[in-house]
Amino acid sequence: MSSLSDVRLSVLDLSPIPSGSDASAALRNTLDLARHTERLGYHRFWVAEHHNMPGIASSATAVLIGHVADATEKIRVGSGGIMLPNHAPLIVAEQFGMLEAFHPGRIDLGIGRAPGTDQRTALAVRGSMAALRADDFPQQLTELMNYFEPDDDRAVNAIPAVGHKPPFWLLGSSGFSAQLAGALGLPFAFAHHFSARNTVPAARLYRESFRPSETLSEPYLMLGVAVVAAETDERAQWLAAPSGLSFLSLRRNRPIPLPTPEEAAEYPYTELERAAIAERLSGTIVGAPETVRKGMEKLLSDTGADELMVTTMVHGHADRLRSYDLVAELAPSGASPTLP
């Protein structure tokens with residue numbers, strides 16, 4: 001059974017835009033968080049592709065990865081993930097080949113197949129109804145991977161990609177990507193933070209489907225997990241409450257910047273809304289350090305995950321930094337201070 005001392009801890013950041021702030025401040029906070037978590041010993045720092053979200057600034061993912069890698073020295077930096085149906089595989093290969101060339105041995109390419117937004121925005125991203133309806137993700141993935149290998153007979157090449165191949169990861173929140181990652185022998189990152197009900201079945205399916213490859217000889221499972229840690233359970237619950245209000249707004253197709261805890265506390269929730277929030281956030285681990293430790297240890301016991309990628313969405317940047325401090329203190333081997 002895995003414990004916190006046995007697994008790596010990493011960071012998933014969406015560059016949250018708090019109410020009363022803007023994208024510029026959110027992106028500066030992302031750079032500060034990357035430097036901070038690097039000092040704490042976190043293993044990797046990934047950013048996610050989302051579009052048309054007033055509370056998320058990480059939409060130009062490859063651009064942000066370059067800035068995070070420039071701002072840090074050792075931590076691995078990558079995508080959690082690039083939504084491949086939104087992009088031509090050639091462009092992704094060029095971008096990540098160039099990132100790997102600038103930062104050799106530090107870049108991860110996490111690939112997903114969701115749109116990362118609503119259907120109307122996905123149409124604007126992809127440019128046509130035909131592209132919106134396309135369901136050729138495995139073929140796109142194969143094309144992308146091929147661009148990183150030399151081929152004298154190929155008419156079109158991603159010039160920066162050849163010889164600069166970062167590790168590939170498949171991301172998912174259901175069984176499809178779990179099975180595909182296993183069949184290809186790739187590491188798999190599962191979005192437990194918004195699909196907790198599917199986590200254990202997906203982990204099992206990934207391992208059952210796994211075939212050894214040049215990349216991996218055995219399965220490697222990472223879970224994205226939402227964590228809010230504070231000095232007391234009550235303080236952590238107060239800080240975590242805005243995520244529920246954000247979810248309600250997104251559910252109504254009216255996404256908003258991340259509310260303050262005061263705004264979340266004053267909102268007149270119905271019983272149905274409270275139930276919907278509880279279901280959506282059922283995988284979130286919230287509390288004082290001992291509460292968080294128990295929650296993370298149980299998740300590891302249930303899944304046997306090799307790595308936990310922590311995402312923390314709270315309004316105050318100082319509170320976010322503090323949460324990562326407290327989590328790192330729980331994992332003396334997984335994420336331990338490497339710099340003074």
Residues passing the side chain to side chain donor-acceptor pair (under 3.5 Å) test with H164, sequence neighbours excluded, are none
Could you tell me which residues satisfy ring-ring contact (aromatic ring centres under 6.0 Å, His included) with W46, sequence neighbours excluded, listed by chain and number? W169
Can you tell whether the side chains of R252 and E273 come within less than 4.0 Å, N to carboxylate O? yes
If you look at every heavy atom in E49 and S59, which pair is closest and at what distance? CG-O, 4.0 Å
Give a yes or no on whether the backbone of I75 and the side-chain of R106 come within a donor-acceptor separation of less than 3.5 Å. yes
Could you check whether R28 pairs with D32 (Lys NZ or Arg NE/NH1/NH2 to Asp/Glu carboxylate O, under 4.0 Å)? no
T311 vs F194, test: side-chain contact (heavy atoms from CB on, under 4.5 Å). Steps then yes/no. CA-CA 11 Å; T311 183; F194 63 79; over 6 Å; no
On a heavy-atom basis, the closest approach of G304 and R207 is O-NH2, 3.0 Å
Please name the pair of heavy atoms, one in F210 and one in G185, separated by the smallest distance, quoted to 0.1 Å. CE1-CA, 3.6 Å
Atom of A48, atom of G80 and distance for their closest heavy-atom approach: CB-O, 3.4 Å
Closest non-hydrogen atom pair, T30 against S15: OG1-OG, 2.6 Å
Under the salt bridge (charged side-chain N to carboxylate O under 4.0 Å, His left out) rule, collect the residues that match up with R320, sequence neighbours excluded. D13
Determine whether I111 and L144 make a side-chain contact, defined as any pair of heavy atoms from C-beta on separated by less than 4.5 Å. yes
Electrostatic pair E290-R293, nearest N-O below 4.0 angstrom: yes
Listed pairs under 3.5 Å, donor-acceptor, residues 239-246 side chains, sequence neighbours left out:
| unit_1 | atom_1 | unit_2 | atom_2 | d |
| --- | --- | --- | --- | --- |
| S243 | OG | M313 | O | 3.4 |
| S246 | OG | P242 | O | 3.2 |

Could you state whether L258 and M53 fall into the same hydrophobic cluster, counting links through intermediate Ile, Leu, Val, Met, Phe, Trp or Tyr residues with side-chain heavy atoms under 4.5 angstrom apart? no
Within this structure, what is the OG1-CD1 distance for the pair T312 and I285, rounded to the nearest 0.5 Å? 10.5 Å
Rounded to the nearest 0.5 Å, what separates atom OG1 in T284 from atom NE2 in H192? 7.5 Å
Of all heavy-atom pairs linking D22 and A25, the shortest is OD1-N, 2.9 Å
Pair V225-L299, side-chain contact (heavy atoms from CB on, under 4.5 Å): steps then yes or no: CA-CA 9 Å; V225 54; L299 181 59; 4.0 Å; yes
Rounded to the nearest 0.5 Å, what's the gap from CE on M222 to OG on S10? Could you check? 6.0 Å
Per the ring-ring contact (aromatic ring centres under 6.0 Å, His included) rule, what does the pair list look like for residues 257-316, sequence neighbours excluded? Y267-Y269
Straight-line distance of T260 OG1 to E266 CD, nearest 0.5 Å: 7.0 Å
Do L9 and M296 pass the side-chain contact (heavy atoms from CB on, under 4.5 Å) test, and can you show the C-alpha distance, the side-chain angles, and the key distance before you say yes or no? CA-CA 11 Å; L9 293 184; M296 296 177 80; 4.0 Å; yes
Run the ring-ring contact (aromatic ring centres under 6.0 Å, His included) test against F188 and tell me which residues pass, sequence neighbours left out. Y206
Hey, quick one: are Y220 and M145 part of the same hydrophobic cluster, counting side-chain heavy atoms closer than 4.5 Å, chains of contacts allowed? yes
Using atom types as modelled and distance alone, determine if a side-chain donor or acceptor of Y42 lies under 3.5 Å from a backbone N or O of V310. no
If you group Ile, Leu, Val, Met, Phe, Trp and Tyr by side-chain heavy-atom gaps below 4.5 Å, do V200 and V7 land in one group? no
R76 side chain vs I107 backbone, donor-acceptor pair below 3.5 Å: yes
If we ignore hydrogens and angles and just use 3.5 Å, is the side chain of S213 paired with the main-chain N or O of L216 as donor and acceptor? yes
